[in-house]
J.: 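If you scroll down you'll find the structure; I have some questions about it.
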Amino acid sequence: MTKTSPLMDVAFYASAEEKEEEVVDVDVDDTDGVDPSGEFDAWRLRELARIKRDKEAEVAREQEREEVERRRALPEEQRLKEDLEHAKKSRDEKPKGKQMFLQKYWHKGAFHQVRSFSTIHVHHLIVLL
């Protein structure tokens with residue numbers, strides 16, 4: 001068993017007493033039952049919104065399932081044609097940025113990012129020494 005100094009014991013017990021004395025003052029919402037009809041109406045609106053959201057999600061899932069089944073039933077050529085039309089439409093909708101003159105060819109590359117070889121070589125020699 002290790003022996004602690006009396007000063008550490010006093011500090012430990014003082015901090016323990018402070019923790020016991022601390023009263024947790026939590027702001028608890030105790031307004032339940034103040035306006036039962038208003039609370040019920042608010043709950044009802046939330047519940048109806050949840051039910052509506054669930055139904056819309058179910059309809060969206062059903063439509064997607066029907067679309068998948070429809071595409072599975074299509075012949076390969078027609079499915080490919082639809083895919084190409086969809087790809088063209090999505091490409092046309094995407095905004096294109098205007099490039100500057102020869103911008104797509106301009107690239108510094110890793111070689112030009114580094115200082116000259118002699119400076120690097122000397123620096124590595126200094127670091128190694």
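Quick note: numbers below take in every heavy atom, side chains included, and nothing from hydrogens, waters or symmetry partners.
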J.: Please check this pair: side chain of E39 against backbone of D32, looking for a donor-acceptor N/O pair closer than 3.5 Å.
T.: no
J.: Below 4.0 angstrom, N of the basic side chain to O of the carboxylate: do E69 and R72 qualify?
T.: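 Yes, charged N to carboxylate O under 4.0 Å.
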J.: Taking 4.0 angstrom as the limit, do E85 and K88 come out as a salt bridge?
T.: no
J.: Given the rule in the side-chain contact (heavy atoms from CB on, under 4.5 Å) test, do R71 and D83 qualify, once you have shown the distances and angles that lead to the verdict?
T.: CA-CA 10 Å; R71 287 188 48 86; D83 289 345; 2.5 Å; yes
J.: Taking it one step at a time, do E82 and H86 satisfy side-chain contact (heavy atoms from CB on, under 4.5 Å)?
T.: CA-CA 6 Å; E82 282 186 7; H86 178 71; over 6 Å; no
J.: When you check the gap from the basic side-chain N to the acidic O, do K55 and E58 get nearer than 4.0 Å?
T.: no
J.: Please indicate whether E64 has more than 12 foreign heavy atoms, meaning atoms of other residues, nucleotides or ligands, lying under 6.0 Å from its CD.
T.: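 Counting other residues, nucleotides and ligands, CD of E64 stays at 12 neighbours or fewer.
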J.: Enter the distance from D35:CG to D41:CG here, rounded to the nearest 0.5 Å.
T.: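 Rounded to the nearest 0.5 Å, the CG-CG separation comes to 8.0 Å.
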J.: Run R53 and E56 through salt bridge (Lys or Arg N to Asp or Glu O under 4.0 Å) and show every step you take.
T.: CA-CA 5 Å; R53 188 175 56 241; E56 288 172 352; over 6 Å; no
J.: Under 4.0 Å between a Lys/Arg side-chain N and an Asp/Glu carboxylate O for R50 and D54?
T.: yes
J.: Evaluate whether atom CZ of R70 has more than 12 neighbouring non-hydrogen atoms of other residues, nucleotides or ligands under 6.0 angstrom away.
T.: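 Yes, CZ of R70 has more than 12 neighbouring heavy atoms, counting only those of other groups under 6.0 Å.
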